[in-house]
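Below you'll find the structure, written out as structure tokens, and then a few comments.
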Protein chains: 2
Amino acid sequence: MNRSRRPARLTHHPPIPVYYRLQELVLKEIESGKLQPGSMIPTERQLVESYGVSIGTVKKAILNLVHQGFLYRIQGKGTFVTGTTLRRESLRYYRLLESFDGIESNLAVKPLQLKRVPGFHPASRLLGIRADQPLFELKRIFLLEGSPVVYSISYLPQNLFKRLDEYPSDEFEKKPLYAAIEEKYGLPTISNRELISAAFPSREAAEALGIPKTVPVLYMEMLAFTYRKRPYEYRRAYCLTAERKVFREY
Amino acid sequence: MNRSRRPARLTHHPPIPVYYRLQELVLKEIESGKLQPGSMIPTERQLVESYGVSIGTVKKAILNLVHQGFLYRIQGKGTFVTGTTLRRESLRYYRLLESFDGIESNLAVKPLQLKRVPGFHPASRLLGIRADQPLFELKRIFLLEGSPVVYSISYLPQNLFKRLDEYPSDEFEKKPLYAAIEEKYGLPTISNRELISAAFPSREAAEALGIPKTVPVLYMEMLAFTYRKRPYEYRRAYCLTAERKVFREY
DNA sequence: GCTCATTTGTTCGTATGTATC
DNA sequence: TGATACATACGAACAAATGAG
């Protein structure tokens, strides 16, 4: 009677479909970090045997997660956990164009300073942490053909990003922040929100951008989310839009 | 099963899967307007019989179009063509919030003027029409609690929107432009692009918004697309962001 | 360059459940 | 209640891509 020895069996319990329960189960493995971005998940056959469901049901569960962007499949190889990279285009913060049919410019990043700061309003509340929890503050400049176009200040919860300040700072130049965070902490960026306004730059921003305080800039507040809409970064950025404008696509 | 006798409709022609061909076929019916937004498409059974494919293949084709947002299904009723409305949240141009956790404000629309104008650069090129084709120009003001916050100028190709100027102008107050266009011309909005910058308002915009020319505003250029990424509207808008900021979500 | 085991992709079809009107 | 339409679950058979040997 190997029936008693069978692992977590997905029995037929009407209201919630079997494929949906399997789907959520795999999703939890991803979110909890047991399945890291880029790693391969069990094959269809293995899932069929582990959970005692049919191949069709396994396919449906997996394909749903593929459609939702959590997994991708390669015929002949297997099924893998999606990292942020596959959604990159829609998640890039600064996409600068001269016009709709102009070409997109590549920005260079220069980290200025990374330090620990106390929590403050509204960052702590937006990040969903207590106001007495400390934060990392990361200041950066984004350069377009050598001249500064974006000045950005990011706040990250210290409890999520332990020892972030021991991270070699030139790594922040080589890759986007979200890529570094995904690699080091296994937190892919799933979605983000922005509040955009036109304003004059703060003194600090004007200095960093090398412009007078009388030039209007885009002031962008941003919140980045990982799995389950958990916020992990709050950012404030000042963007110079004299030559190129910020491009957004839906 | 008896595989020697094939009902030759969508025959087995390897490189392109059958479900994909069926999917494209239905999509073309939608795009050409033969299937209007909101109308019901043939049932699974009818598709099975019309095209001589299995129910599983039909399901796959239809579900793909559902995932892509072109169709929606109601169990027991049928499968229907999606209008713009179902994607509304992500396609709303002006979403104004005080802060990330503030509540979204509702804007009132006031049409100012609708007239025919000659084509011009860059509108004609962006709309994919010849420069000598005339355009409709629609100027509107968006009000927040009675005071103007957005001044917007839209350009629409006259060949796509015949007799738009005979449309009762108070209809533009009752519903968003895209809703009126979908209803009258059967063109749902599928995606859009924006270029955002910070600037001082033009004289015209400053007057319409009732602000001095020294107040920075968001200058937003927008292109709206219908099926197959066909552009149908080019818009320029000036948005006052003193109190509330433009909200974007990805 | 070829073969083979593995893995996903496609197509077929049946049976039954559930929602709608 | 019955007829209709979509949803779930099952699974077989074969095709196509991958990577190792």
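Lettering follows sequence order; numbering is per chain, from 1.
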Taking the side chain of A:Y19 as its heavy atoms from C-beta onward, which of C:dT11, D:dA9, C:dT20 lies nearest to it? D:dA9

Among D:dA7, C:dT20, D:dT8, which is the nearest nucleotide to the side chain of B:Q75? D:dA7

Neighbour count above 12 (heavy atom, 6.0 Å) for B:K110 NZ: no

Does atom OH of B:Y20 have more than 12 heavy-atom neighbours from other groups under 6.0 Å away? no

Between P on D:dT4 and CZ on B:R73, what's the gap in Å once rounded to a whole number? 18 Å

Ring centres of B:Y232 and B:F225 under 6.0 Å apart? no

Among B:L156, B:L160, B:T189, B:T84, which residue meets the side-chain contact (heavy atoms from CB on, under 4.5 Å) test with B:I181? B:L156

Side-chain atoms of A:T57 come closest, of D:dA5, D:dC10, C:dT7, to D:dC10

Can you tell me how far P of D:dA9 sits from NZ of A:K60, to the nearest Å? 8 Å

With DNA chain D as reference, determine whether A:G76 or B:Q46 sits nearer its 5' end, using the nearest nucleotide of each. B:Q46

Around atom CZ of B:R92, are there more than 12 heavy atoms of other residues, nucleotides or ligands at under 6.0 Å? yes

Interatomic distance where CG belongs to B:L71 and C1' belongs to D:dA7 [whole Å]: 16 Å

If you check the A:I74 side chain, which of C:dT11, C:dT20, D:dT18 turns out closest? D:dT18

What's the CG-C1' distance between A:L47 and D:dA9, to the nearest Å? 16 Å

What's the closest nucleotide to the A:K77 side chain, out of D:dA5, C:dC12, D:dT18? D:dT18

With a 3.5 Å cut-off and just heavy-atom distances, do the side chain of A:E44 and the base of C:dG9 make a donor-acceptor pair? no

Nearest of D:dC6, C:dT11, D:dA9 to any side-chain atom of B:K59? D:dC6

Consider the side chain of B:P17, meaning its heavy atoms from C-beta on, and name the nucleotide among C:dT11, C:dT20, D:dC6 that approaches it most closely. C:dT11

How many Å lie between CD1 on B:I62 and P on D:dC6, as a whole number? 9 Å

Rounded to whole Å, how long is the line connecting atom CD1 of B:I16 with atom C1' of C:dT11? 16 Å

Under 4.0 Å, heavy atoms only, any strand: does B:G56 hit a base, just the sugar-phosphate, or nothing? nothing

Measuring from the side chain of B:T43 (C-beta onward, heavy atoms only), which nucleotide among D:dA9, D:dA5, C:dT20 has the closest atom? D:dA5

Between C1' on D:dT8 and CG on B:L63, what's the gap in Å once rounded to a whole number? 12 Å

With the side chain of A:I55 defined as its heavy atoms from C-beta on, choose the nearest nucleotide among D:dG11, C:dG9, D:dC10. D:dG11

